[in-house]
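Reckoned from all heavy atoms, side chains included, excluding hydrogens, waters and symmetry mates.
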Amino acid sequence: MTAAAERPPDRRAGRTPVPLRRGALLGILAPILFALVAGCSSRGATWVAGWESPYATFDPAERAEFTAARGLLDDGRRLEGLRALRALTAGDPSNLELACWAQDVESELLSDGAAASQVFPEASSSLGEAAAGGAVADTLRLVYATRSEASPTVEVLILAARAETDGLAAESLLRRALELDPVCSWAHYGLSHVLLEKRSQPDRWSLARGALERALELEPGHLRARRLEAWMLAEEGSRDLAESQLRRWLEEADGDPRVSHVEMIEARLDLALLLLLRGEDGRAARLLEDLEGEPVGRARRWMLLTVARQEGGDVLGALDATLRAQGAAAGEVLPLVQEALLSEVFLDRPEAASALWQEVADLAQDGATISDLVQGLRARVRMERDGAALPEDRP
């Protein structure tokens, strides 16, 4: 379990991530598909994200200070932001929202080359070379494992689970937290991530759904859990409800300092993909065009917009333009795409076209070029609209 940006499914009780990054209908193209994240209990979009939930209560002054700390992070002043977050956490040690943000900044700093002694000066002597010279994930795990051994509170156990690199160890930490407080929504939410990653367990989806439902029953406005809810709904085929919950999440998260700019952009891209999969090419294109100039998720946005425009206009003309730009070298998927389009548009052979789109999708999973990724996404869109399903790791 890492404390990097949260994406579904991951093992963390804290932030995107969702994923949540960020952020996929898991059957294909993980880099460009869903980061949709949030729990599967409620069947309507009527929840509200409050500021007085257990383990994440903010009074007005603390909320203002947290917003200021977030501003430092957004300005790229991460060490200053980390110090501000740690000061807030020291004054409110039960606040997991603050602690998770601090942990994520620690992970980002380590990943960008900061020395362990710079990020964890208090721990460098006690952890020695293991933390000072180890991999980022090992350093973070060692720091938080040491803290959980010294002070196994609910909050510290959850943070240790977020930093854990072993799924079974993360699950054990979260279950220990639930023994201390069975109604901790953060622990139930973290457990849902852990269970989703237990691919050897046949009923992992139902178990994860149950944990997430419990988290949302305890805290209906849990923003992180609500993102996971939308992703799970989409994965299970409830796309209209997934779209409703995602739109609600975007409304609630807009301007909320608990949600990063990256998460907001990834969620909008997720919404565009939902629209694209159900044939609303124009709406998807407009949503994507509204993000013009946005550096976050630029490659993913370009690929989604390419597909939206191709599917909404002259398909063969778009294919010709793509062929001229990218070329149809041996080993790429474009020739198959052309054959699939000919079977579908001119030869009236839907079964043959469906088989070819499946082959395109399979090949594109390992595609190394933008062309492969774009055409793989097109294949996914075509099969979704035709009601065909890709093989997925699902119970």
Side-chain angles (χ1 to χ4, degrees), residues 1 3 5-23 34-58 95-101 103-104 154-155 158-159 161-162 170-171 174-175 177-178 181-197 204-236 238 241-253 256 258-260 263-264 266-267 270:
M1 183 181 296
E6 185 170 276
R7 279 185 174 276
D10 71 13
R11 291 186 291 270
R12 300 178 308 146
R15 80 176 261 215
T16 139
V18 290
L20 21 157
R21 218 42 165 315
R22 163 91 320 74
F34 274 32
L36 283 179
V37 213
C40 306
S41 58
S42 120
R43 293 305 177 200
T46 58
W47 54 273
V48 175
W51 289 86
E52 297 181 351
S53 59
Y55 296 98
T57 298
F58 290 78
N95 192 318
L96 276 168
E97 187 70 53
L98 292 172
C100 288
W101 270 90
Q103 188 182 59
D104 288 342
V154 171
E155 298 88 348
I158 289 174
L159 291 169
R162 293 184 88 233
E171 181 178 356
L174 291 166
R175 293 198 184 280
L178 287 170
D181 184 0
V183 294
C184 176
S185 62
W186 286 77
H188 286 288
Y189 165 58
L191 187 60
S192 68
H193 277 293
V194 171
L195 293 170
L196 278 173
E197 292 195 354
R204 67 187 179 95
W205 273 80
S206 61
L207 293 174
R209 190 185 309 112
L212 194 51
E213 286 176 349
R214 181 59 176 150
L216 288 172
E217 177 185 350
L218 293 165
E219 189 182 337
H222 197 301
L223 277 170
R224 301 166 188 265
R226 286 295 177 183
R227 279 211 75 198
L228 183 56
E229 176 183 48
W231 177 77
M232 289 188 75
L233 287 169
E235 276 293 284
E236 294 172 326
S238 302
L241 188 52
E243 181 183 336
S244 173
Q245 290 291 21
L246 183 57
R247 288 185 183 279
R248 180 60 184 161
W249 187 90
L250 284 165
E251 291 174 3
E252 287 291 304
D256 193 313
R258 293 171 294 186
V259 178
S260 71
E263 289 175 293
M264 290 295 294
E266 288 177 342
D270 295 337

Take Glu197 and Arg204, measure what salt bridge (charged side-chain N to carboxylate O under 4.0 Å, His left out) needs, and give me the verdict at the end. CA-CA 8 Å; Glu197 292 195 354; Arg204 67 187 179 95; over 6 Å; no
Where do Trp205 and Glu236 land on the side-chain hydrogen bond (donor to acceptor under 3.5 Å, both in side chains) test, with the steps shown first? CA-CA 10 Å; Trp205 273 80; Glu236 294 172 326; over 6 Å; no
CA sep, side-chain torsions, deciding dist, call: Arg175, Glu171, salt bridge (charged side-chain N to carboxylate O under 4.0 Å, His left out): CA-CA 6 Å; Arg175 293 198 184 280; Glu171 181 178 356; 3.0 Å; yes
With side-chain hydrogen bond (donor to acceptor under 3.5 Å, both in side chains) as the criterion, how do Thr57 and Glu52 come out once you've worked through the C-alpha distance, each side chain's angles and the decisive distance to 0.1 Å? CA-CA 4 Å; Thr57 298; Glu52 297 181 351; over 6 Å; no
One pair to check against side-chain hydrogen bond (donor to acceptor under 3.5 Å, both in side chains): Gln245 and Trp249. What are the steps and the verdict? CA-CA 6 Å; Gln245 290 291 21; Trp249 187 90; over 6 Å; no
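From Glu251, atom CD reaches atom CG of Leu246 across 10.5 Å, with rounding to the nearest 0.5 Å. The SG atom of Cys184 sits 4.5 Å away from the OH atom of Tyr55 when rounded to the nearest 0.5 Å. Here the CZ-OG distance, from Arg214 to Ser192, works out to 13.5 Å after rounding to the nearest 0.5 Å. Here CG of Leu196 is found 9.5 Å from CZ of Arg209. Values are rounded to the nearest 0.5 Å. Summarising the geometry, atom CG belonging to Leu241 is positioned 12.5 Å from atom CE belonging to Met232; distances are rounded to the nearest 0.5 Å. Interatomic distance, Asp256 CG to Met264 CE, rounded to the nearest 0.5 Å: 9.0 Å.
Trp51 carries Arg258 over the face of its six-membered ring, with the cationic atom under 6.0 Å from the centre and within 45° of the normal.
Checked for salt-bridge contact, Arg247 and Glu243 meet the test: a charged N lies under 4.0 Å from a carboxylate O.
Under the 6.0 Å cut-off for aromatic ring centres, His222 and Trp186 qualify, their centroids lying closer than that.
Although no hydrogens or angles enter the test, the distance criterion places a donor-acceptor pair under 3.5 Å between the side chain of His188 and the main chain of Pro182. Counting only distance, with no hydrogens or angles, the side chain of Gln103 and the backbone of Leu159 share a donor-acceptor pair below 3.5 Å. Side chain of Asn95 to main chain of Phe58: no donor-acceptor pair is present (N/O by atom type, distance under 3.5 Å, no hydrogens or angles). Ser260 places a side-chain N or O within donor-acceptor distance of the main-chain N or O of Glu263, the cut-off being under 3.5 Å.
For the pair Ala187 and Leu174, the tightest heavy-atom approach, listed with the atom from each and the gap, is O-CD2, 4.1 Å. Residues Ile158 and Leu96 come closest through the heavy atom pair CD1-CD1, 3.7 Å. Across all their heavy atoms, Ala215 and Tyr189 have their closest contact at CB-N, 3.8 Å. Shortest non-hydrogen contact noted between Ala242 and Leu233 is CB-CB, 3.8 Å.
Applying the side-chain hydrogen bond (donor to acceptor under 3.5 Å, both in side chains) test to Glu252 and every residue at least two apart in sequence or in another chain returns Arg248.
Within the 4.5 Å cutoff, the side chain of Ser185 has no heavy atoms near those of the Glu217 side chain.
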